[in-house]
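I have placed the structure first, in the form of structure tokens, so that the comments after it can refer back to it.
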Amino acid sequence: MSNSGLQPTIDLEVYRYRPEQQAEPTYDTFTVPLRDEWVILDALNYIKDELDGSLSYRWSCRMGVCGSCGMMANGEPVLTCAAFLKSYAPGSIRVEPLANFPVARDLIISMDDFMEKMNRIQPWIITDEEKPLEEGEYLQTPDQVDEYKQFSMCINCLLCYSACPIYGMEPSFIGPAAIALAQRYNLDSRDHGQETRMDILSTDDGIWQCTFVGECSEVCPENVDPAGAIQRYKVTSTNDWWKSKLLPWTSKQ
Amino acid sequence: MPVHDVVIVGGGGAGLRAAIAVTETDPSLEVALVSKVYPMRSHTVAAEGGAAAVIKDHDSFENHIFDTISGGDWLVDQDAIELFVNEAPNELVQLEHWGCPWSREPDGKVAVRPFGGMKKERTWYAADKTGFHMLHSLFQTSLKYPGIVPYDEWFATTLLIHDGRCQGVAALEQRTGRVEVIAGRSVIICTGGAGKVYPFTTNGAIKTGDGMSMAYRAGVPLKDMEFVQYHPTGLPGTGILITEAARGEGGILVNSDGYRYLQDYNLGQPLDVSDSNHPVKKSMELGPRDRLSQAFIHEQRKGRTIKGKFGDVVYLDVRHLGEKIIDQKIPFVRELASKYAGIDPVHEPIPVRPVLHYFMGGIDTDKTGSTSLPGLYAAGEVACVSINGANRLGSNSLTELLVFGARAGRAAAQFALEQSPTELAPLRKQVVDEDERITKSYLTKEGGTERISTIRTEMRDTMEDGAGIYRSEEGLKNTCNKLAELRDRFSNISLDDRSLTYNTELISVLELDAMLDVAEAVAHSARARKESRGSHQRTDHPVRDDDSYLMHSMAYKGDGAPKIDYKDVVITRWPPGERVYGQEQAE
Ligand SMILES: Cc1cc2nc3c(=O)[nH]c(=O)nc-3n(C[C@H](O)[C@H](O)[C@H](O)COP(=O)(O)OP(=O)(O)OC[C@H]3O[C@@H](n4cnc5c(N)ncnc54)[C@H](O)[C@@H]3O)c2cc1C
Ligand code: FES
């Protein structure tokens, strides 16, 4: 932090990568006003508006719900619209794109991998037959909602993938948010797709490498607890594994 | 292949619902779903309070219809609201079947809560992240339909019109910067509102009115643009919304004297918060948003607001609800207030002020979402059917996305089925021109001196000054002139970034271009309407004038100022009357 004149300021060291101009990333340092109410995203907007219009990053809601603005701040994955500058002062903030993803430009990562994985786990209600609308809603008690509610809070910000040591080493790992989403539907009383999703997840070795250290749950801004989802999956699938071994013998007709 | 059957621009609640409707109408139809952000980032995600539809026995369609008509100060098309109210329950049940985690009663039925201007509780909710859950349920459900082809992070820049029909859009792929044809035999615009035309708004960065501008430039009129909604309870500084559900659950508004000032504005008498009848529906804190935001301005003039770092505020007090109810019913309110205002609503009142929230106006459509341009449809906040009239009732909008998204989807599907196959060549030619226009205006242009942020800030300030909660000829004239000046200066704009890969500065300039169109339509429509109705309050014409203005305004793009025309409001069974609030106790 420096104090030029009356207005306190803070320095942001920002990762830059413009594929058309540079082969390797660089860092640019910008000095921005240090305001109590400003989050990192406000500082980036200040830079873009006033200092360098070519800085690129994603954002929209500025209220922690659209999931666009995840980045690394001093090496930690954060939602930049919820990370206040003052909590880093004095000292500078190094802002980088989310770790473990390919970088497309500046602070923008490629989302392709996550979008494919999300699709793969079939995140929708699977039923044999949907009842007619005229028959109204499916009943679901508050307790039944609570069963899956936590896993339905994921905003797809991808902080958990950035924090996940397994995903860092093995990008084919389907990863915390996708597993939590699978569990969100598996645990929903309206859904009957658990087996299908279990088949999909069971082909993923990554899950078994997850040691339940829980970095993903620690960085999650919505307390979704993907680590808990993975743990639950392991327990269920171990049971299923036993059943699949045992049933053919016990139920032989 | 860039040729599809139906092209949908916008992946928010309306666009997703429309996409599913197209593919369910005929699974052989292919839908291009074009969105400038990944669909789950769309601003529907930010909606908190809930979605209205009559399902409980003590309620009736008639009630919902009448509440909306009077809430909209009789500028609501009555045939449209009638079918909307009728189709609303099935649409919300459909979303339930698609997995939306609606909050429930102990017996497992869907729960409802009271909302402003609604006579009965009829607002379905998923705690206070309703929009988030609706959007994610819709998006995830949409993934199961192979007929929906995503164009994520593609920015539509213009409509392609050939043979007198809309046949697609030109769109810029943000990751490569290339401009391409996305063709279809019909097009649905679902690009949402334009709150970013104002300085202080609950709207996210992406709500820049692109779709309104695209239609306007193609000669399609923008209807009722003077009607913009200020929500009475935004957090000062950021404009983050504190949902009306906070008042639906019993929160109260007080001024600097701790006085529930709404009682001075013809909104009824307060009941004590411990009274089992509190909050009384359609009364006090559950009055309509236009009236509550106007009351704030009067309090401010009387010096009874509280000075804050970011302007004057009043207090929204929910402390009496207690921690348990707050955490159960409005946890997001607690989270937002704690994070962004540094106060815990369990222990302190929340400072709030009116904040620009919603566009009642938009692309003129009929009940099927079709516009005056054959093949072009619109739905969601971008469209004006109108079911919202001069003031939208909270929680009607999320339902509108579903009802009219589905209707537009079905109509556009039908239209597409009736057309001959797309001829790509003439569309390609238009896209080459569009690409050249963008390149020359922004990427290779030399010598501009204006910065995006300067023009954008000046535009927002003049909108707030002249076209805010209270308006006058003088103020509106200044705003119209200022906007003309800004349009002029816009042609002298210069970008720092001339590259192609994720050039977000280029996106910003295209958005600013659109916002200037929208701002112009708002200001000129407001200037032409010399009466006060709903959210449009003229200090120089303070009363409603049904003889001259019981009509929708229609703004047509001109060479200079837009041409403002009028169209009749559809009145069927509910003749214009007085808006009455605060009378429920008496009944
Ligand atoms: C904070 C907040 C709270 C709210 N709470 C409620 C509530 O409780 N109840 C209620 O009924 N209403 C509420 N509303 C209003 C309601 O949420 C919105 O009106 C509604 O969600 C708009 O949905 P939409 O689908 O029309 O547009 P959006 O969700 O805004 O989506 C627009 C889509 O268009 C795309 N798009 C835009 N321009 C382009 C372009 N040029 N090219 C390609 N794609 C483009 C975007 O990427 C996005 O996918 C709230 C609004 C806000 C801001
Ligand atoms: S901008 Fe939406 S989560 Fe940060």
Side-chain angles (χ1 to χ4, degrees), chain A residues 18-21 36-37 45 48-50 52-68 82 104-106 108 110-111 115 118-119 122-127 130-131 133-142 144-145 148-149 152-156 181 184-185 188 190-191, chain B residues 37-38 40-43 45-46 55 90 93-94 96-99 101-110 129 131-133 136-137 140-144 150 152 175 204-206 237-238 240-241 309-310 332 335-336 339-340 451-453 456 495-505 508:
Chain A
R18 282 150 293 191
E20 293 155 58
Q21 285 112 301
D36 266 4
E37 69 281 4
N45 284 338
K48 188 168 186 70
D49 287 350
E50 308 298 332
D52 182 352
S54 76
L55 179 64
S56 277
Y57 47 94
R58 293 188 178 104
W59 73 291
S60 176
C61 72
R62 204 210 171 274
M63 57 188 281
V65 69
C66 76
S68 308
R105 152 109 193 231
D106 293 345
I108 298 177
S110 165
M111 301 251 306
M115 296 306 285
M118 180 177 182
N119 254 288
Q122 308 196 4
W124 52 79
I125 296 280
I126 298 175
T127 49
E130 184 185 327
K131 73 176 179 182
L133 295 180
E134 293 66 41
E135 289 175 25
E137 74 263 47
Y138 291 94
L139 296 183
Q140 196 165 60
T141 62
Q144 287 175 311
V145 176
Y148 68 90
K149 182 81 194 228
S152 76
M153 302 302 281
C154 172
I155 61 174
N156 303 338
L181 185 59
R184 175 254 173 272
Y185 283 97
D188 188 321
R190 296 166 290 191
D191 179 79
Chain B
V37 293
Y38 280 93
M40 69 277 190
R41 314 295 190 212
S42 305
H43 207 58
V45 83
I55 41 158
N90 264 1
V93 168
Q94 176 65 79
E96 194 279 333
H97 289 193
W98 285 337
W102 297 114
S103 293
R104 305 282 178 152
E105 311 276 9
D107 66 0
K109 293 213 172 99
V110 166
K129 283 200 175 164
F132 164 80
H133 285 298
H136 281 248
S137 302
Q140 289 159 13
T141 302
S142 78
L143 298 174
K144 83 177 174 194
D152 296 333
R175 74 170 70 182
I206 58 177
T238 56
I240 289 172
L241 179 77
K309 186 168 170 193
F310 305 100
F332 197 33
E335 181 190 324
L336 291 170
K339 203 182 282 169
Y340 295 103
R451 268 194 97 69
I452 294 173
S453 62
R456 200 169 52 199
L495 266 55
D496 295 344
D497 192 351
R498 307 300 175 106
S499 62
L500 293 170
T501 314
Y502 280 108
N503 185 338
T504 51
E505 199 187 23
S508 298

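In what follows, every chain begins at residue 1, and chains take the letters A, B, ... in the order their sequences are listed.
Both the backbone and the side chain of B/Arg41 come within contact range of chain A, each with at least one heavy atom under 4.5 Å from a heavy atom of that chain. For chain A, no part of B/Val37 is nearby; none of its heavy atoms comes within less than 4.5 Å. With a threshold of 4.5 angstrom between heavy atoms, A/Tyr57 approaches chain B through N, CA, C or O but not through any side-chain atom. Of the atoms belonging to B/His43, it is side-chain heavy atoms, and not backbone ones, that fall under 4.5 Å from chain A. Contacts of A/Ile108 with chain B are made by side-chain atoms alone, with heavy-atom separations under 4.5 Å and no backbone atom involved. For A/Val145, the part lying near chain B is the side chain, with the backbone staying farther off; criterion is any non-hydrogen pair under 4.5 Å. Contact of B/Pro101 with chain A is made through backbone and side chain together, with heavy-atom distances under 4.5 Å. Proximity to chain B is limited to the side chain of A/Glu130, based on heavy atoms less than 4.5 angstrom apart. The part of A/Met115 that comes within reach of chain B is its side chain, from C-beta onward, which places non-hydrogen atoms under 4.5 angstrom from that chain. Of the atoms belonging to A/Ile126, not a single heavy atom falls under 4.5 Å from chain B. Of the two parts of A/Gln21, only the side chain, counted from C-beta on, holds a non-hydrogen atom closer than 4.5 Å to a non-hydrogen atom of chain B. Looking at B/Leu500, the atoms closer than 4.5 Å to chain A (heavy atoms on both sides) sit in the backbone and in the side chain alike. Proximity to chain A (any heavy atom under 4.5 Å) is shown, for B/Tyr502, by both the backbone and the side chain. Heavy atoms closer than 4.5 Å to chain B are found in the side chain of A/Arg190, but not in its backbone. The parts of A/Asn156 that come within reach of chain B are both its backbone and its side chain, each placing non-hydrogen atoms under 4.5 angstrom from that chain. When heavy atoms are compared at a cutoff of 4.5 Å, A/Pro19 approaches chain B solely by way of its side chain, counted from C-beta outward.
A salt bridge between B/Glu96 and B/Lys109 is absent, with no side-chain N of the basic residue lying under 4.0 Å from a carboxylate O of the acidic one. For B/Asp152 and B/Arg175, the salt-bridge test fails: no basic side-chain N is under 4.0 Å from an acidic carboxylate O. A salt bridge links B/Arg451 to B/Asp496: one of the charged nitrogens lies within less than 4.0 Å of a carboxylate oxygen. Contact check on B/Arg456 versus A/Asp49 returns a salt bridge, with a Lys/Arg side-chain nitrogen under 4.0 Å from an Asp/Glu carboxylate oxygen.
Between chain B and the residues A/Glu134, A/Glu135, A/Gln122, A/Lys131, the largest count of heavy-atom pairs under 4.5 Å involves A/Lys131. Between chain B and the residues A/Ser60, A/Ser152, A/Ser54, the largest count of heavy-atom pairs under 4.5 Å involves A/Ser60. The greatest number of non-hydrogen atom pairs below 4.5 Å with chain B, out of A/Lys149, A/Gln144, A/Arg58, A/Arg18, is found for A/Arg58. Between chain A and the residues B/Asn90, B/Thr141, B/Leu495, the largest count of heavy-atom pairs under 4.5 Å involves B/Asn90. Annotation: maximal heavy-atom pairing with chain A below 4.5 Å, among B/Val45, B/Thr501, B/Ile206, B/Val93, occurs at B/Thr501. With chain B as partner, the option from A/Met118, A/Arg184, A/Met111 having the largest number of non-hydrogen pairs under 4.5 angstrom is A/Met111.
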Take A/Tyr138 and A/Asp188, measure what side chain to side chain contact (heavy atoms under 4.5 Å, CB included) needs, and give me the verdict at the end.
-> CA-CA 11 Å; A/Tyr138 291 94; A/Asp188 188 321; over 6 Å; no
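Side-chain contact between A/Met153 and B/Lys129 is present, with at least one heavy-atom pair separated by less than 4.5 Å. Inter-residue side-chain proximity for B/Phe332 and A/Val65 is flagged as met; some heavy-atom pair is nearer than 4.5 Å.
Between the side chain of A/Glu37 and the main chain of B/Gly237, no donor-acceptor pair closer than 3.5 Å is present.
Within a 6.0 Å radius of NZ in B/Lys339, other residues, nucleotides and ligands contribute more than 12 heavy atoms.
Using a 3.5 Å distance cut-off with no hydrogens or angles, the side chains of A/Glu137 and B/Gln94 do not pair a donor with an acceptor. Side-chain contact, B/Ser499 with A/Arg105: a donor N or O sits under 3.5 Å from an acceptor N or O. Between the side chains of A/Lys48 and B/Ser453, no donor-acceptor pair is found at a separation under 3.5 Å.
In this structure, CG in B/Leu241 is found 6.5 Å from CE in A/Met63, a value given to the nearest 0.5 Å.
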